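What follows is a set of notes on a single structure, which appears directly below.
Atoms considered below: every heavy atom in the structure, side chains included; atoms not considered: hydrogens, waters and symmetry mates. Given the structure is predicted, the values throughout are model-derived calculations rather than measurements.
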Amino acid sequence: MTASAQPLDDLLDLLDLERIEQDIFRGESRAAIVPRVFGGQVAAQALVAAGRTVPADRAAHSLHAYFLRPGDPGAPIVYTVDRIRDGRSFTTRRVVAVQHGQPIFHLSASFQAYEEGLEHQADMPPAPDPETLPTGAELLPRYADRFVAPDALDRLLEARAAVDLRYVEEPPYGTAGVRREPRSQVWFRTVGKLADDPLLHVCLATYVSDMTLLDSVLLAHGRGGWAVGDVVGASLDHAMWFHRPFRADEWLLYDQESPSSAGGRGLGQARIYTQDGRLAITVIQEGLIRVPRG
């Protein structure tokens, strides 16, 4: 096994839940950049749990989720699946993630058997070739002196080791103190090839979708983010619609913007395109974003 393959294998192991009853699963946890479970991990694991109770010919087409409590990275998470509906075309599942006897996350997901229908989509915005952009390993060390915690750089690199994530323009921590247009683009793909399992690709896109979606909120206010220490916050809710098939091990453009922030909350919305211009996913998330009190 190559060194580059190990982080992706570790991530796939994290998403490979243990079935402990027919509709009850257990997943391991790991620390994120902040001292709690990464929200994308919980969302992806919950979607894995839901998908394992659904016929293989029904693909996930939407999810709606709420983050209720911070996850403890030192404890496993138990996912209980409720089989809400099994219709002729659609299947609906509800998943509750529990730690220490309390729900930390709630997800509703819908799956659909393939069918033909009317088609149109928003055009893909212009973006440079991802191969011309710096990798995370090349970009992040440039800003190490701006991070508050001494191990922040190592934690960021570790958290994104399984994903090749490339910013089109400077990330928020690169221009902290300067207000910018509330828009951000990143290209991403997994570091290594994946099996031909549509649910796996959907779950990995769900995992990555929580990494940068609130960047556009930070840009609007010249904030650098959690690693810089000029904001604190967390994901509140998350919704995704999966429009067309895609592969998470091929380049995807994550085009993100923020239409509003108010009341200590910021809203991010985004579209994810395949490299050949097909609109694959729409994402919306609201996050808690607070300025630390001095």
Side-chain angles (χ1 to χ4, degrees), residues 3-12 14-15 30-34 37-44 124-125 127-144 146-147 152-176 180 183-194 200-219 224-228 235 238 240 246-258 268-275 280-283 285 287:
S4 61
Q6 184 63 55
L8 180 58
D9 289 338
D10 291 345
L11 176 55
L12 295 178
L14 194 70
L15 299 182
R30 68 181 183 191
I33 300 169
V34 291
V37 176
F38 171 50
Q41 174 203 309
V42 183
M124 181 177 179
D129 185 331
E131 300 290 351
T132 66
L133 303 172
T135 66
E138 294 167 339
L139 183 71
L140 285 166
R142 301 177 190 175
Y143 308 110
R146 307 186 187 193
F147 300 149
L153 174 61
D154 291 338
R155 288 159 59 190
L156 278 164
L157 289 171
E158 181 181 0
R160 297 181 178 179
V163 180
D164 189 349
L165 191 150
R166 307 190 185 194
Y167 278 90
V168 170
E169 296 181 336
E170 291 290 294
Y173 42 81
T175 58
R180 292 164 52 188
R183 295 187 61 89
S184 177
Q185 288 182 328
V186 298
W187 286 98
F188 72 87
R189 66 179 177 184
T190 58
V191 180
K193 300 301 289 183
L194 300 171
L200 178 62
H201 292 263
V202 165
C203 290
L204 280 162
T206 300
Y207 178 87
V208 179
S209 70
D210 191 38
M211 286 184 172
T212 62
L213 186 50
L214 298 180
D215 280 1
S216 52
V217 180
L218 303 178
L219 292 173
W226 340 119
V228 173
S235 302
H238 198 84
M240 302 180 73
F246 63 90
R247 294 189 64 93
D249 55 6
E250 296 177 353
W251 285 118
L252 296 168
L253 177 67
Y254 201 3
D255 185 62
Q256 306 152 98
E257 64 177 340
S258 174
Q269 59 187 26
R271 292 167 175 162
I272 299 179
Y273 293 85
T274 61
Q275 195 170 11
I281 311 169
T282 297
V283 192
Q285 181 184 89

Heavy-atom closest contact ([X] atom, [Y] atom, distance):
X	Y	result
A137	L157	CA-CD2, 3.9 Å
Y254	V208	CE2-O, 4.4 Å
F38	M211	CZ-CG, 3.7 Å
L213	V283	CD2-CG1, 3.6 Å
L204	A248	CB-CB, 4.0 Å
A205	I281	CB-CD1, 3.8 Å

- prompt: For P125, does its backbone N or O pair with a side-chain atom of R271 as donor and acceptor, under 3.5 Å?
  reply: no
Result for side chain to side chain contact (heavy atoms under 4.5 Å, CB included) between S184 and one of T212, L218, D215 points to D215
For [X], enumerate each residue passing the side-chain hydrogen bond (donor to acceptor under 3.5 Å, both in side chains) test, keeping only those at least two apart in sequence or located in another chain.
X	value
R183	D255, E257
S258	none
D210	S235, Q285
S216	none

Taken in chain and number order and not counting sequence neighbours, the residues that satisfy ring pair (Phe, Tyr, Trp, His ring centres under 6.0 Å) with Y173 are Y143, F147
Atom [atom1] in [X], atom [atom2] in [Y]: separation rounded to 0.5 Å?
X	Y	atom1	atom2	result
L11	Y207	CG	OH	5.0 Å
L8	L194	CG	CG	5.5 Å
T274	M124	OG1	CE	7.0 Å
L252	F246	CG	CZ	6.5 Å

Notebook entry, point to check: Which residues pass the side-chain contact (heavy atoms from CB on, under 4.5 Å) test with P141, sequence neighbours left out?
Noted result: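 Partners of P141 under the side-chain contact (heavy atoms from CB on, under 4.5 Å) test: L153.
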query = What pairs with A127 under side-chain contact (heavy atoms from CB on, under 4.5 Å), at least two apart in sequence or on another chain?
reply =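 So A127 forms a side-chain contact (heavy atoms from CB on, under 4.5 Å) with Q185, W187, L253.
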Test M240 against V202 for side chain to side chain contact (heavy atoms under 4.5 Å, CB included), laying out the working first.
-> CA-CA 10 Å; M240 302 180 73; V202 165; over 6 Å; no
>> Take a 6.0 Å sphere around CD of E158 and say whether it holds more than 12 heavy atoms from other residues, nucleotides or ligands.
In response: no
R166 CZ: over 12 foreign heavy atoms closer than 6.0 Å: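 Enclosed.
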Q | Verdict with reasoning, R247 to T190, per side chain to side chain contact (heavy atoms under 4.5 Å, CB included) | A | CA-CA 9 Å; R247 294 189 64 93; T190 58; over 6 Å; no
Go through the structure and list residues passing salt bridge (charged side-chain N to carboxylate O under 4.0 Å, His left out) with R180, not counting sequence neighbours.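 With sequence neighbours excluded, R180 shows a salt bridge (charged side-chain N to carboxylate O under 4.0 Å, His left out) to E169, given in chain and number order.
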So the salt bridge (charged side-chain N to carboxylate O under 4.0 Å, His left out) pairs with at least one residue in residues 184-193 (sequence neighbours excluded) are E131-R189, K193-D249
